[in-house]
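To start, the structure itself, in structure tokens.
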Amino acid sequence: MNSKETHTINILSSIIGYGVYFPALIIYEQLKALNYNVNIYSIERYFDEKATSEFERTKTAFKKDVRLVQIASRIPVKYTKKLSSEKTETLFQEWSENNTTHFLCFSGLWLETLQTYKKQQPNCVIDACRVDSAVSSTWESLLRHENLITNDVSFFNAATNKINYVLNIPEIEPLPYSERTNNVTIHGGGWDLGDFASKTEQFTEDYHVNLIVNAIQELSTENISLHANQPNWNPLYDDGFPPFGRIDAASKLVAKNYTKHPGILTVLSKSKAIVSKPGGMTLMDSLISETPLLFLKTVGKNENSNKKLWETLQLGISLETWQESEQKDELLQEMQSRILAIKTKTPCFLKTYTNLVANSVSYAAKK
């Protein structure tokens, strides 16, 4: 029996932030390339009409005032109340018809829904994968559903100061650090939060700045390159990764489609440093691109935890501390060397997960 052909894996994600959506999508593409029957779902696509409108308004408000994100990060939300009963019923029917045996859950917002489905299909395997080092508010119900989870395959663990897995992307080959030009990449995370763009002036004297923006803008200086995702691309309605590219001298975005990974990784893998908030995907970007982090102000307890983890492992440092140093280049080089060392000895997520699937399928067959 070929388990890849007869068993379906459903990856459950959320578009509340790219830190959940992008890793889930990368794993989806990698499993698909290995010929697994695999599907990916974002919970926001199953909201009712009212909740969908609220979600879009919230995104806009968060971009305007980062303080709202800090408040929201402390408030647990019962997402099952936002779901359309008709969409959920259709989804359950689809899962049953697809012979779903495994769920890989990247967002705690799915836990209540999975609890309901598990009562109908008790033999399905549900694995949890968190991309932040601490339990964020979106995973607050995890303790109530402890028995629901078969395996915890989370990437980071602040309690043990450990990186559990690395996400390897064959299509991304980081440039050796000694060959990278003096350039840094600055961005505000998936939702472009905070005043990150104002940090460019602190670098342009000694570095070329790759500034990731959320809309096409005019170039303000010769020592800054603007990059952006395709304007109006929306994961609520659009599939895959957003087209990404550089904004040219005529203020036109020259975008390219990326099918295996987010386009920003092509820029990060040639940079001397990433200047950003320490979100979960930013930590993963640091490992994938083998690039040190210079932290901007954190948002929420999960980012505080991520920052502490990277500082403890000496893979990143606050922007202010780095700027006060008289050995900036040496600090970056030392952090990059540690990233390489940790990446070399840390298990590959995809290999670990496919082994779990194979072993659980074999066990079920014997039973």
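If you read the sequence from its start, that first residue is 1, and numbering goes on from there.
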(message) Is any side-chain heavy atom of Y353 closer than 4.5 Å to one of H102?
(response) yes

(message) Closer than 4.0 angstrom, basic N to acidic O: yes or no for E29 and K32?
(response) yes

(request) Count the heavy atoms of every other residue, nucleotide or ligand shown that sit under 6.0 Å from NZ of K343, and state whether that count exceeds 12. (result) yes

(request) Any chance you could measure E324, atom CD, to L319, atom CG, to the nearest 0.5 Å? (result) 10.0 Å

(request) Could you verify whether a donor N or O on one side chain and an acceptor N or O on the other, from N306 and D132, lie under 3.5 Å apart? (result) yes

(request) Applying side-chain contact (heavy atoms from CB on, under 4.5 Å), name anything that partners Q314, two or more places apart in sequence or on another chain. (result) R338

(request) Say whether N98 and T8, considering side chains only, have a donor N or O and an acceptor N or O under 3.5 Å apart. (result) no

(request) Measure centre to centre between the rings of F244 and W233, then say whether the value is under 6.0 Å. (result) no

(message) Within this structure, what is the NE2-CG distance for the pair H187 and L211, rounded to the nearest 0.5 Å?
(response) 10.5 Å

(message) Do Y46 and W110 make a side-chain contact, defined as non-hydrogen atoms from C-beta onward lying under 4.5 Å apart?
(response) yes

(request) Using the salt bridge (charged side-chain N to carboxylate O under 4.0 Å, His left out) rule, take K81 and D48 through it: C-alpha gap first, then chi angles, then the decisive distance, then the call. (result) CA-CA 9 Å; K81 294 181 179 179; D48 59 29; over 6 Å; no

(request) List the steps, then state whether side chain to side chain donor-acceptor pair (under 3.5 Å) holds for Q93 with E97. (result) CA-CA 6 Å; Q93 183 177 350; E97 292 175 353; 3.1 Å; yes

(message) When you compare the side chain of V166 with that of F349, does any pair of heavy atoms fall below 4.5 Å?
(response) no

(request) Is it possible for you to check whether K272 lies under 6.0 Å from the centre of the six-membered ring of Y177, through NZ or CZ, and within 45° of that ring's axis? (result) yes

(message) Around atom CD of E330, are there more than 12 heavy atoms from other residues, nucleotides or ligands closer than 6.0 Å?
(response) yes

(message) Taking the six-membered ring for Trp, are W322 and F203 closer than 6.0 Å centroid to centroid?
(response) yes

(message) Are the side chains of V275 and F295 in contact, using a 4.5 Å heavy-atom criterion?
(response) no

(message) Please determine whether residues L236 and F106 belong to a single hydrophobic cluster, defined as Ile, Leu, Val, Met, Phe, Trp and Tyr linked transitively by side-chain heavy-atom distances below 4.5 Å.
(response) yes

(request) Decide yes or no on side chain to side chain contact (heavy atoms under 4.5 Å, CB included) for L294 and I317, but give the supporting numbers first. (result) CA-CA 5 Å; L294 300 177; I317 192 172; 3.4 Å; yes

(request) Answer yes or no: is there an ion pair linking K277 with E303, defined by an N-O contact shorter than 4.0 Å? (result) yes

(message) Are the side chains of I26 and K260 in contact, using a 4.5 Å heavy-atom criterion?
(response) no

(message) Let me confirm one number: the OG1-CH2 distance from T282 to W310, rounded to the nearest 0.5 Å.
(response) 10.0 Å

(request) Please check if any side-chain donor atom of T88 sits under 3.5 Å from a side-chain acceptor atom of S85, or the reverse. (result) no

(message) With a 4.5 Å cut-off on side-chain heavy-atom distances among I, L, V, M, F, W and Y, is there a chain of contacts connecting L175 to L268?
(response) no

(message) Checking S289 against S269: is there a side-chain donor and acceptor pair closer than 3.5 Å?
(response) no

(request) List the steps, then state whether side chain to side chain contact (heavy atoms under 4.5 Å, CB included) holds for T100 with E94. (result) CA-CA 9 Å; T100 298; E94 179 181 327; over 6 Å; no

(request) Tell me yes or no: between the side chains of S225 and R246, is some donor less than 3.5 Å from an acceptor? (result) yes

(request) Look up atom SG in C129 and atom CG in L104, then write down how far apart they are to the nearest 0.5 Å. (result) 5.5 Å

(message) Does either side chain, that of S13 or that of S42, offer a donor lying less than 3.5 Å from an acceptor on the other one?
(response) no

(request) Would you mind checking if R130 and D152 are paired as a salt bridge, meaning a charged N to carboxylate O distance below 4.0 Å? (result) yes

(request) Using side chain to side chain contact (heavy atoms under 4.5 Å, CB included) as the criterion, point out the one residue from V125, L114, T150 that pairs with F103. (result) L114

(message) Rounded at 0.5 Å granularity, tell me how far CG in N223 sits from OG1 in T200.
(response) 10.0 Å

(request) Decide yes or no on side chain to side chain contact (heavy atoms under 4.5 Å, CB included) for Y41 and L91, but give the supporting numbers first. (result) CA-CA 10 Å; Y41 303 89; L91 180 64; 3.5 Å; yes

(message) How long is the straight-line distance from CD1 of I126 back to CG of N151, given to the nearest 0.5 Å?
(response) 11.5 Å

(message) Side chains of H208 and T181: any donor to acceptor distance under 3.5 Å?
(response) no

(message) Is any side-chain heavy atom of W95 closer than 4.5 Å to one of Q121?
(response) no

(request) Run the numbers on T113 and T116 for side chain to side chain donor-acceptor pair (under 3.5 Å), then give the verdict. (result) CA-CA 5 Å; T113 302; T116 303; over 6 Å; no

(message) Are Y258 and F241 an aromatic pair, judged by ring center distance below 6.0 Å?
(response) no

(request) Evaluate whether atom CD of Q120 has more than 12 neighbouring non-hydrogen atoms of other residues, nucleotides or ligands under 6.0 angstrom away. (result) yes

(message) As a quick check of understanding, evaluate side chain to side chain donor-acceptor pair (under 3.5 Å) for R180 and T291, giving each step before the final call.
(response) CA-CA 11 Å; R180 302 188 190 191; T291 308; 2.8 Å; yes

(message) Less than 4.5 Å apart, side chain to side chain, heavy atoms only: is that true for H227 and I247?
(response) no

(request) Locate the shortest heavy-atom distance separating V184 from Y207; write the atom from each residue and the value. (result) CG1-CD2, 3.8 Å

(request) Determine whether L350 and L31 make a side-chain contact, defined as any pair of heavy atoms from C-beta on separated by less than 4.5 Å. (result) yes

(message) One pair to check against side chain to side chain contact (heavy atoms under 4.5 Å, CB included): K351 and N355. What are the steps and the verdict?
(response) CA-CA 6 Å; K351 185 176 181 180; N355 283 340; 4.0 Å; yes

